[in-house]
S.K.: 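Quick one: the structure is below, and I'll ask about it shortly.
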2 protein chains.
Amino acid sequence: MMKCSKCNSPDGVQRAGFIRGRQRYFCKLCDYHFIDQKLPRTPERRSHQTTISDVAKVLGVAPSTVSRALNGHADINTNTRQAILEVARQLDYQPNLLAQSLKSSATHTIGVVIPDIERPFFATCVSGIQQVASEAGYRVMICQSKESYEMEVSNVQALIASRVDGLLICHSRETENFDHVRPAATRGVPVVHFDRVCDEVETAKVILDDWNGAYNVTEHLIEQGARRIAILAGPESLLISRNRLAGYLSALTKHRLPALPELRTHINFRPESAVAALDRWLALPEPPDAIFAINYTNAFDLLVALKERQVRVPEEIAVVGFGDEFMAAMIEPGLTTVNLHPHRIGQQAARLFLEQVEQKERFQPRTFVVSGDLIIRKSSLKGLGGVFSLDI
Amino acid sequence: MMKCSKCNSPDGVQRAGFIRGRQRYFCKLCDYHFIDQKLPRTPERRSHQTTISDVAKVLGVAPSTVSRALNGHADINTNTRQAILEVARQLDYQPNLLAQSLKSSATHTIGVVIPDIERPFFATCVSGIQQVASEAGYRVMICQSKESYEMEVSNVQALIASRVDGLLICHSRETENFDHVRPAATRGVPVVHFDRVCDEVETAKVILDDWNGAYNVTEHLIEQGARRIAILAGPESLLISRNRLAGYLSALTKHRLPALPELRTHINFRPESAVAALDRWLALPEPPDAIFAINYTNAFDLLVALKERQVRVPEEIAVVGFGDEFMAAMIEPGLTTVNLHPHRIGQQAARLFLEQVEQKERFQPRTFVVSGDLIIRKSSLKGLGGVFSLDI
DNA sequence: AAAAATACCGCAAACGTTTCCGAAAACGGT
DNA sequence: ACCGTTTTCGGAAACGTTTGCGGTATTTTT
């Protein structure tokens, strides 16, 4: 018969049902329930990681002493500290960051949400973020929304649940509701917006200087002798679209050129729409002599389509884009664009986060503007077309 | 006088030095040390997150009951469970993943180390990894080695310290020692290599089919009528370089073409070296009629240099690259390349990790080969040059 | 009616740190 | 010898979960 695991005798032991598939017993003498075979408390821990307690045990000191020694606390004797450091080195002790994070509720991790890592602009932003972050001892967790509002929200929630120390986000194109980045939703986790920002929530922001970039690029076209400058703008709802349009219009006004409505088209950035707009312009009695595409991929679409249609660039029509990528220099003719410095944008976003961590409640949300540089290549050099050598 | 905080009387209380800047007292009657003003144990917790205990307290049940209810355990009464779920919803309870991870020693995070996120190939790999990972409920932590061995090692260590569940790595160009990815160093964390793998450590690997890709692209050139096919190879030490060279040589042999030593150049992928090699070839009494650049950026360098030198592509010299990127389709003439499917590579690497997690010790490391597809564009269509329309 | 089984839930020990508080010993000045 | 001081260290609680096992009430079976 079964022996009571307390009094160690079989007297008074009776069965008492099953629990989780195992037979249970009851000792009347001891008034004690028990199971036939207990599991060992720690079943041969797989790949044991050295802990503070292990170090402490070797030296016969308390875990708290080891912790203090490792963290450079003052209250520890120099000899003790040396001994502890030595043992820790020998045992290859590595602090468990999870435990540290749980205790301190700081993960030293920042979450980044971007629409698409495959787009060079965002990849470069991430690179900038990561550089600043890793220099400050932060790790980076990256999520892609793939331009979907739902994915964006779920990414934000996942990052918050992972207890990131901060959230750097560039909204998806679909996003119109921003409740998921409000302090209530992020549980007070600092949020920094970059590139596609939103006004509804008071956060630190990094934006690029759309207005000035568009102004400069338009002015450049005018200086090249263009008088009928078309603009291939994006959706009117988009802030970047509005700002770039405004810069373009200001440059026209400044140089006393009329803003012709037939030379302004809003598209959704799709290649087909860009080509369709081009064909409408080419069919005009007086086609444009320059086109400003506010999206860099559309500028490429135009270059290709113009070549197919045997229109000489820049002599007949100059083309400028917005956003300088590797390709802009490689294509023939080289594309004149504004370098948006995505690396700087990322760096700055990360710096704003660090600032916020340091200043805590004292931090005043502010907006940092990263200005672009005009990069002149062949596609816009009407006057001097062909004279310049390839700019690679 | 100071009152003893135990017997609450000033009798027998005497000062007993300072500790951490604060006056200490000693009550002789109680044999008890104390400080003048104790800190409250929990000084108004900032932004309190709802915990299991909070939910438990509301309902007057034990935290363990709440835990079981939320995790769908069997031992909970339906009414109790409903009530707990309801309260958890009301209090917006979100489990603390840090605590869960600490307990289960599983973070549901995988670490990825790549040379450079700004390179489209790697960005796309990451995208593939992330898609598979997030579908399986894993988060992704990304590090860049920037082609530096030291950074790679420190990235690996940081990820291991963060207790990632797995490590997906593409080595830097500098890396020749692989101790940092050995099981001892990664503390048993599963490692999956992709793209740039190493033979020294027994891990799951995902590689691209360099040999076949090179073979196919070379054969394609031969079919187009090329007979003097030059190869712009990479450093001989690189595995990809050797494999692609071997594929190229096999295609030549298969078609009974001689492998001419003067048409083979090993470079370090630098644009200047590519152009220098080209100029040497053009100076030959009998220049090549096709060039296979095993690196896609070098293929672009060649196209640009050939245009500068007024050499017609593909009529005089055909050019093919390796690795299909956005640009290959955009440039004029379109570049014939092998699509390496970086997205699939990433997906497969993530899948191998998931497999390893599932099978645990039973997992047999295996190597998965992702084969490339030949993408034919204008730059190699010698026979039919100009007939095809732009492939965008 | 006693024994056995079931259903449900609580206690407490972990996971690995950090840190508040107090103890003990050593020290120094009357 | 006494008292105040300093130095150094240990105990234990806490961070928020999960989970093995035991207790109790209720139901079912002999």
Side-chain angles (χ1 to χ4, degrees), chain A residues 5-6 14-20 22-26 28 31-35 38-43 45 49-56 60-71 73-81 93-106 163, chain B residues 5 14-20 22-26 28 31-35 38-43 45 49-54 56 60-71 73-81 93-106 163:
Chain A
S5 57
K6 210 158 215 167
Q14 51 188 218
R15 282 194 284 178
F18 287 89
I19 187 158
R20 279 168 289 271
R22 285 190 293 170
Q23 181 62 256
R24 210 158 77 126
Y25 298 91
F26 179 62
K28 277 200 285 191
D31 188 40
Y32 179 64
H33 288 258
F34 61 93
I35 314 183
K38 294 195 190 183
L39 294 178
R41 247 317 188 194
T42 44
R45 326 165 56 166
Q49 306 276 98
T50 305
T51 72
I52 272 195
S53 305
D54 295 325
V55 177
V61 298
S64 49
T65 305
V66 177
S67 171
R68 278 188 278 253
L70 294 171
N71 292 326
H73 252 256
D75 274 11
I76 302 297
N77 186 301
T78 314
N79 298 328
T80 314
R81 183 194 309 281
Y93 167 77
Q94 298 290 119
N96 187 325
L97 296 185
L98 286 172
Q100 287 184 330
S101 295
L102 176 61
K103 194 73 182 63
S104 64
S105 58
R163 298 296 199 271
Chain B
S5 57
Q14 51 189 217
R15 281 194 285 177
F18 287 88
I19 189 157
R20 278 169 286 273
R22 285 191 290 169
Q23 182 61 256
R24 210 156 80 122
Y25 298 91
F26 179 64
K28 276 199 286 191
D31 187 38
Y32 180 65
H33 289 258
F34 60 94
I35 312 184
K38 294 194 188 181
L39 296 179
R41 245 317 187 193
T42 46
R45 323 166 58 166
Q49 306 275 99
T50 306
T51 73
I52 271 196
S53 306
D54 295 325
V61 298
S64 49
T65 305
V66 176
S67 172
R68 277 187 274 254
L70 294 172
N71 292 326
H73 253 256
D75 273 11
I76 302 296
N77 186 301
T78 314
N79 298 328
T80 315
R81 183 193 309 280
Y93 167 76
Q94 297 290 119
N96 187 325
L97 296 186
L98 286 172
Q100 287 183 331
S101 295
L102 178 59
K103 194 76 180 62
S104 63
S105 59
R163 298 296 199 273

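Proteins come first, then strands; the chains are lettered A, B, ... in the order of their sequence lines, and each starts at number 1.
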S.K.: Base, sugar-phosphate, or nothing: which does B:Y93 touch, judged by heavy atoms less than 4.0 Å apart?
M.R.: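 Counting heavy atoms under 4.0 Å across all strands, the contact made by B:Y93 is with sugar-phosphate only.
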S.K.: To the nearest angstrom, how far is A:L98 atom CG from D:dC15 atom P?
M.R.: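 Rounding to the nearest Å, CG of A:L98 and P of D:dC15 are 18 Å apart.
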S.K.: Is any side-chain heavy atom of A:Q23 less than 4.5 Å from a side-chain heavy atom of A:F18?
M.R.: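 A:Q23 reaches A:F18 side chain to side chain.
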S.K.: Scan B:I76 against the nucleic acid and name what it touches under 4.0 Å (heavy atoms): base, sugar-phosphate only, or nothing.
M.R.: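 Here B:I76 touches the backbone only, sparing every base.
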S.K.: For DNA chain D, whose closest nucleotide is more 5', that of A:T78 or that of B:Q94?
M.R.: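 Nearest-nucleotide comparison on DNA chain D picks A:T78.
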S.K.: Begin with the C-alpha distance, continue with both residues' side-chain angles, and end with the deciding distance and a verdict on side chain to side chain contact (heavy atoms under 4.5 Å, CB included) for A:T78 and A:R81.
M.R.: CA-CA 5 Å; A:T78 314; A:R81 183 194 309 281; 5.6 Å; no
S.K.: Want to settle it: does A:K28 or B:A99 sit nearer the 5' end of DNA chain C, counting the closest nucleotide to each?
M.R.: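 Its nucleotide being nearer the 5' end, the pick is A:K28.
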S.K.: Rounding to a whole Å, what distance do you find between B:F26:CZ and C:dA24:P?
M.R.: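 To the nearest whole Å, that distance equals 9 Å.
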S.K.: Expressed in angstrom and rounded to an integer, what is the separation of A:R68 atom CZ from D:dT8 atom P?
M.R.: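 A:R68 atom CZ is separated from D:dT8 atom P by 12 Å.
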S.K.: Taking OP1 and OP2 of D:dG10, is either one under 4.0 Å from a side-chain nitrogen or oxygen of A:T65?
M.R.: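 Checking D:dG10 against A:T65, a side-chain N or O does come within under 4.0 Å of OP1 or OP2.
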S.K.: Are A:S64 and D:dG10 close enough that a side-chain N or O sits under 4.0 Å from OP1 or OP2?
M.R.: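 Result: no.
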S.K.: Within this structure, what is the CD1-to-C1' distance between A:I52 and D:dA14, rounded to whole angstrom?
M.R.: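 From A:I52 CD1 to D:dA14 C1': 15 Å.
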S.K.: Of A:D31 and B:N96, whose nearest nucleotide on DNA chain D comes first from the 5' end?
M.R.: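 Looking at the nearest nucleotide for each, B:N96 comes out on the 5' side.
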S.K.: Should A:N77 be listed as having a side-chain N or O under 4.0 Å from OP1 or OP2 of D:dT7?
M.R.: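 No.
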S.K.: Between D:dT19 atom P and A:R22 atom CZ, what is the distance in whole Å?
M.R.: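 Atom-to-atom, A:R22 to D:dT19, this comes out as 14 Å.
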S.K.: Which heavy atom of A:T65 sits nearest to which heavy atom of A:T80, and what is that distance?
M.R.: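 Minimum heavy-atom contact is CG2-CG2, 4.3 Å.
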S.K.: Run the side chain to side chain contact (heavy atoms under 4.5 Å, CB included) check on A:Y25 and A:Q14 step by step: do they pass?
M.R.: CA-CA 6 Å; A:Y25 298 91; A:Q14 51 188 218; over 6 Å; no
S.K.: Rounded to whole Å, how long is the line connecting atom CD of A:Q23 with atom C1' of D:dG22?
M.R.: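 That distance rounds to 15 Å.
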S.K.: With a 4.0 Å cutoff (strictly under), does any side-chain N or O of A:Y32 reach OP1 or OP2 of D:dG23?
M.R.: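 No, A:Y32 has no side-chain N/O under 4.0 Å of OP1/OP2 on D:dG23.
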S.K.: Scan B:D75 against the nucleic acid and name what it touches under 4.0 Å (heavy atoms): base, sugar-phosphate only, or nothing.
M.R.: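 Base contact.
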S.K.: From the list C:dT18, D:dT24, D:dT18, which nucleotide is the closest neighbour of the side chain of A:S67?
M.R.: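 Minimum distance to the A:S67 side chain belongs to C:dT18.
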S.K.: Assign A:S101 to base, sugar-phosphate, or nothing according to its heavy-atom contacts below 4.0 angstrom with the strands shown.
M.R.: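 No contact at all - A:S101 keeps every heavy atom at 4.0 Å or more from the nucleic acid.
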S.K.: Between P on D:dT18 and NE2 on B:H73, what's the gap in Å once rounded to a whole number?
M.R.: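 Distance, rounded to whole Å: 9 Å.
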S.K.: May I ask you to verify if any side-chain N or O of B:T51 is less than 4.0 angstrom from the OP1 or OP2 atom of D:dC15?
M.R.: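 Indeed not, no polar side-chain atom of B:T51 lies that close.
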S.K.: According to a strict under-4.0 Å criterion, is B:Q100 in side-chain N/O contact with OP1 or OP2 of D:dG16?
M.R.: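 No, outside the criterion.
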S.K.: Over how many whole Å does the gap from B:Y25 atom OH to D:dC3 atom P extend?
M.R.: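 Going from B:Y25 (OH) to D:dC3 (P), I get 17 Å.
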S.K.: Is there side-chain contact between B:Y93 and B:L70, with heavy atoms separated by less than 4.5 Å?
M.R.: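 Side chain of B:Y93 against side chain of B:L70, heavy atoms only: contact under 4.5 Å found.
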S.K.: Between A:F18 and B:V61, which residue's closest nucleotide on DNA chain C lies nearer the 5′ terminus?
M.R.: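 Comparing both residues, the 5'-ward one is A:F18.
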S.K.: Examine D:dG16: is either OP1 or OP2 under 4.0 Å from a nitrogen or oxygen in the side chain of B:Q49? Give yes or no.
M.R.: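 Checking D:dG16 against B:Q49, no side-chain N or O comes under 4.0 Å of OP1 or OP2.
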S.K.: Taking the side chain as every heavy atom from C-beta outward, state whether A:L102 and B:N96 have any atom pair closer than 4.5 Å.
M.R.: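 Yes - at least one pair of side-chain heavy atoms lies under 4.5 Å apart.
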